[in-house]
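As structure tokens, the structure follows; a few thoughts come after it.
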Amino acid sequence: SLFAGELTGLQPIQPRTGCDGGYVEEIRAELQERIDKRGNIAQIQKLELMMENTYDLCAEMPLILDKLGLETAYPPGQETMSGIYGPGTATPHQAPHVRPSASFRPLVYPIQNMWGASCLCLMTLGLAGWQTATLTLGEEEMVTEMDNNCCKSVDRMPYAQMGQVGQSSCCSCCFAVNAMSPGWGCASQKAMVDEIAEELQARKVGRGNIAQLRNQENSMFKALELDIRTDILL
């Protein structure tokens, strides 16, 4: 079966008898391509490209204004604003976010819970073998891989789809983040749980919906700056 993430929710896609791996892989690849090109990842990448182009234009405008002997400061003075837009016009503000989004290096964590792996191995009389689970934090998405002798799954989630980053503890000795409890879940793994939580939160802010909103806000302020500078030029 195939879980297609944001396009199918929790409903698995298991066509025909479920034994045609090539057909399932074809569907998965097509869905993943559409997620990459039309989903949250594509949105923030396009916003960042738009912001880069807008910043380039904003950097060139003062050079043009300076050659013509016009005011190059931004925000312009009150006299300039009143002369163009009328008396009492408020001066605009600068873009509010210095770093609206961020980039991150890939990180890999072994997140298999030993209690779960032991129970699975015992309940299947060893047929499933020893299950392994890995969390990969990439540039744009988190990838969770689980593998044993019977099943294998790969789940991809863009950071923009993360609802929250939640840590939990039980009896002050078992620790987890977003239902992931690495190792035996005890105090010796708390440092890893804390690190995973910090990395997830940073990526949620730097590459998720928060980053998209910040880029949109900066784009609006930069578009206003271009409009005002163009009015000064004209």
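Along the sequence shown, the residues carry numbers beginning at 1.
Here the side chain of Thr89 pairs a donor or acceptor atom with the backbone of Gly86 at under 3.5 angstrom. In this structure, the side chain of Asn215 engages the main chain of Ala211 through a donor-acceptor pair within 3.5 Å. For Asp147 (side chain) and Lys152 (main-chain N/O), no donor-acceptor pair under 3.5 Å exists by modelled atom type. In this structure, the side chain of Asn178 engages the main chain of Gln164 through a donor-acceptor pair within 3.5 Å. Side-chain atoms of Arg229 come within 3.5 Å of backbone atoms of Thr72 as a donor-acceptor pair (strictly under, hydrogens ignored). A donor-acceptor distance shorter than 3.5 angstrom exists from the side chain of Gln94 to the backbone of Tyr74, with no hydrogens or angles considered. Thr80 places no side-chain N or O within donor-acceptor distance of the main-chain N or O of Pro76, the cut-off being under 3.5 Å.
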Quiz item: How far apart are the C-alpha atoms of Leu47 and Gln212, what are their side-chain angles, what is the distance that settles it, and do they pass the side chain to side chain contact (heavy atoms under 4.5 Å, CB included) test?
Solution: CA-CA 7 Å; Leu47 280 171; Gln212 291 184 23; 4.0 Å; yes
Self-check item: From CA spacing to verdict: side chain to side chain contact (heavy atoms under 4.5 Å, CB included), Asp36, Glu33
Solution: CA-CA 5 Å; Asp36 293 340; Glu33 183 179 10; 5.7 Å; no
Quiz prompt | Asp194 vs Gln167, side chain to side chain donor-acceptor pair (under 3.5 Å): CA-CA, chis, key distance, verdict | solution = CA-CA 8 Å; Asp194 291 341; Gln167 289 183 259; 2.8 Å; yes
Exercise. Might you work through the side chain to side chain contact (heavy atoms under 4.5 Å, CB included) test for Trp130 and Met114, ending with a clear yes or no?
Key: CA-CA 9 Å; Trp130 191 259; Met114 297 302 181; 3.5 Å; yes
Exercise. Just do the side chain to side chain contact (heavy atoms under 4.5 Å, CB included) check on Ser219 and Thr54 with the steps written out, would you?
Key: CA-CA 7 Å; Ser219 296; Thr54 304; 5.6 Å; no
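Atoms SG and CD, on Cys119 and Gln131 in that order, are 11.5 Å from each other to the nearest 0.5 Å. Once rounded to the nearest 0.5 Å, the distance linking CZ of Arg203 with CD1 of Ile210 reads 14.5 Å. Distance NE2/His97 to CD/Glu217: 3.5 Å, rounded to 0.5 Å. Separating the NZ atom in Lys190 from the OG atom in Ser181 is a distance of 12.5 Å, to the nearest 0.5 Å. We find the CD-CG distance between Glu60 and Leu63 to be 7.5 Å, quoted to the nearest 0.5 Å. Rounding to the nearest 0.5 Å gives a distance of 10.5 Å between CD of Glu199 and CG of Leu135.
Here the closest non-hydrogen pair linking Ala95 and Tyr55 is CB-OH, 4.2 Å. When all heavy atoms are compared, the tightest approach of Thr91 to Gly77 is CG2-C, 4.5 Å. Nearest heavy-atom pair across Ala160 and Asn209 is O-ND2, 3.0 Å. Closest approach of Trp184 and Ser118 over heavy atoms only: CH2-OG, 4.1 Å. Annotation for Arg38 and Ala42: closest pair N-CB, 3.9 Å, computed over non-hydrogen atoms. For the pair Met192 and Pro110, the tightest heavy-atom approach, listed with the atom from each and the gap, is SD-O, 3.7 Å.
Leu137 has its side chain out of reach of Pro106: every pair of non-hydrogen atoms, C-beta onward, lies at least 4.5 Å apart. Side-chain contact between Thr136 and Leu107 is absent, with no heavy-atom pair separated by less than 4.5 Å. In this structure, Ile232 and Thr230 have side chains that are not in contact, with every pair of non-hydrogen atoms separated by 4.5 Å or more. Pro182 places none of its side-chain heavy atoms less than 4.5 Å from the side chain of Asn113. Within the 4.5 Å cutoff, no side-chain heavy atoms of Met61 are placed close to those of Glu225. Considering only heavy atoms from C-beta on, Leu120 comes within 4.5 Å of Asn148 through its side chain. Between Ser168 and Phe175 there is no side-chain heavy-atom pair separated by less than 4.5 Å. The shortest side-chain heavy-atom distance between Val143 and Met157 does not fall under the 4.5 Å cut-off.
Using a 4.5 Å cut-off between side-chain heavy atoms of Ile, Leu, Val, Met, Phe, Trp and Tyr, with links allowed through other members, Leu213 and Met220 fall into different hydrophobic clusters. When the side chains of ILVMFWY residues are joined at heavy-atom separations under 4.5 Å, either directly or via intervening members, Met142 and Val205 end up in two distinct hydrophobic clusters. Under the 4.5 Å side-chain heavy-atom criterion for ILVMFWY residues, no single connected hydrophobic cluster contains both Phe221 and Leu57. Placement of Met50 and Ile41 in two distinct hydrophobic clusters is found when ILVMFWY residues are connected by side-chain heavy-atom separations under 4.5 Å, directly or transitively. Residues Trp115 and Leu125 fall into different hydrophobic clusters, defined by Ile, Leu, Val, Met, Phe, Trp and Tyr side chains chained together at heavy-atom separations under 4.5 Å.
Glu141 and Asn40 share no side-chain donor-acceptor pair at under 3.5 Å. A donor and an acceptor atom, one from each side chain of Glu195 and Tyr109, are located under 3.5 Å apart. Under the 3.5 Å distance criterion, with hydrogens and angles disregarded, no donor-acceptor pair is assigned to the side chains of Glu145 and Thr134.
Seen from the ring of Phe104, Arg207 does not count as a face-on cation partner, given the 6.0 Å and 45° thresholds. Cation-pi geometry between Lys204 and Tyr159 is not met: the NZ or CZ atom fails to fall both under 6.0 Å from the ring centre and inside 45° of the normal.
Each of Arg28, Arg34, Gln32 was evaluated against Glu30; a single residue qualifies, Arg34, per the side-chain contact (heavy atoms from CB on, under 4.5 Å) test.
Other residues, nucleotides and ligands place more than 12 heavy atoms under 6.0 Å from the OH atom of Tyr85.
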